[in-house]
Amino acid sequence: MPGLADAELRVTSAIADLARLYPWLDHAAAEAGLSSAMLNGMQVALEEAAANVATHAYPTDAPGPITVRLTRLPNGASLTVEDEGPPFDPTATTPRARAASILDAEPGGHGLTLIRHYCRSVSYERDGRRNRLTMSFALLAD
Amino acid sequence: MPIAIEDLPGDVTKLVLSGRIDIAGAQEIDMPMNVVAGSRRAVVIDLSAVEFMASMGLRHLVVCAKSIFSKRGKVVLLSPQAPVEEVIRVSGIDTLIPVHTDEAEAVAAVQPTPG
């Protein structure tokens with residue numbers, strides 16, 4: 001089903017460029033009429049997805065393109081994150097088991113757990129040379 | 001800078017984070033948190049002024065706390081706002097680093113046990 005309102009941003013996986021994701025999402029979500037109650041979860045999920053791309057798709061010293069799209073759906077919204085790195089399906093990874101104590105804890109590994117918590121559904125597809133992660137969010141009222 | 005360091009009585013350090021600890025914010029706190037992790041033993045990380053944090057920020061909390069706990073020090077988190085508290089709880093960080101809502105209790109929790 002086509003979205004009711006779309007917005008798209010193209011950035012690179014360079015850290016300074018990824019900072020543009022947040023103001024873009026703030027603006028695009030407001031334009032799409034989404035509630036502020038939805039925004040924190042969407043921002044967390046988008047950061048996790050973008051951090052995954054920055055970690056897995058491209059070398060740190062050679063950032064590559066990321067395309068992010070917000071689509072307003074009748075009963076919610078979706079965020080699509082595309083990159084041109086090697087095939088990588090974050091939904092097929094196993095979230096790291098919780099550490100028994102802080103001394104056993106390894107930093108990181110919470111991205112997919114957080115995405116699944118905030119999203120209604122998450123799906124991955126490989127489209128030609130692109131990885132595409134689609135995260136959908138239920139409509140929340142303020 | 002979304003980080004300030006305050007020295008409290010009893011060799012307790014209060015690390016006050018603020019604003020958005022997003023991908024860019026996490027980069028800004030990286031160096032100062034490493035300094036605190038390497039030099040302090042009793043640390044209260046005040047999250048009350050943090051508006052946003054996801055796993056890039058959580059990573060710094062875990063690295064800092066692990067370093068201090070490994071040297072027999074203590075770290076607690078203080079008063080995260082609801083959205084940040086949700087991220088901390090979902091990722092299980094609250095089971096690794098105690099979370100307090102009262103500053104006096106947080107300070108007492110990190111002070112070395114006499115004797």
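These values consider heavy atoms only, across backbone and side chains, with no hydrogens, waters or symmetry-generated copies.
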Interchain contact, B/L61 with chain A, by part (heavy-atom threshold 4.5 Å):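 Contact with chain A involves no heavy atom of B/L61 at all.
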CZ (B/R89) with more than 12 external heavy atoms under 6.0 Å: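 Enclosed: over 12 neighbouring heavy atoms sit under 6.0 Å from CZ of B/R89.
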Greater than 12 external heavy atoms within 6.0 Å of B/D11's CG: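 No - once you tally the heavy atoms of other residues, nucleotides and ligands closer than 6.0 Å, there are 12 at most.
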First locate atom [atom1] of [X], then atom [atom2] of [Y], and finally report the distance between them rounded to the nearest 0.5 Å.
| X | Y | atom1 | atom2 | answer |
| --- | --- | --- | --- | --- |
| B/L96 | A/L103 | CG | CG | 9.5 Å |
| A/Q43 | B/D22 | CD | CG | 8.5 Å |
| A/R20 | B/I23 | CZ | CD1 | 13.0 Å |

Closest-packed option against chain A by number of heavy-atom pairs under 4.5 Å, given B/V75, B/T95, B/V87: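 Option with the greatest count: B/V87.
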Winner by heavy-atom pair count (cut-off under 4.5 Å) against chain A, out of B/V90, B/I97, B/V62: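 Option with the top pair count is B/V90.
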Within-4.5 Å side-chain heavy-atom neighbours: B/E86 and A/V44: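 No - every pair of side-chain heavy atoms lies 4.5 Å or more apart.
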For residues [X] and [Y]: do they belong to one hydrophobic cluster (side chain heavy atoms under 4.5 Å, members Ile, Leu, Val, Met, Phe, Trp, Tyr)?
| X | Y | answer |
| --- | --- | --- |
| A/L70 | A/V11 | yes |
| A/V81 | A/L112 | no |
| A/F137 | A/V122 | yes |
| B/F69 | B/V44 | no |
| B/V63 | B/I88 | no |

Choice from A/E48, A/E47, A/R98, A/E106 maximising heavy atom contacts with chain B below 4.5 Å: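 Option with the top pair count is A/E47.
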For the student: nearest non-hydrogen atoms of A/L114 and B/S55, plus distance: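 What the structure gives for the nearest pair is CD1-CB, 4.1 Å.
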Contacting moiety of A/T113, where chain B heavy atoms sit under 4.5 Å: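 A/T113 touches chain B through backbone and side-chain heavy atoms alike.
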Of B/M56, B/H60, B/R59, the residue whose pairing with A/P107 passes side chain to side chain contact (heavy atoms under 4.5 Å, CB included):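 Result for side chain to side chain contact (heavy atoms under 4.5 Å, CB included) with A/P107: B/R59.
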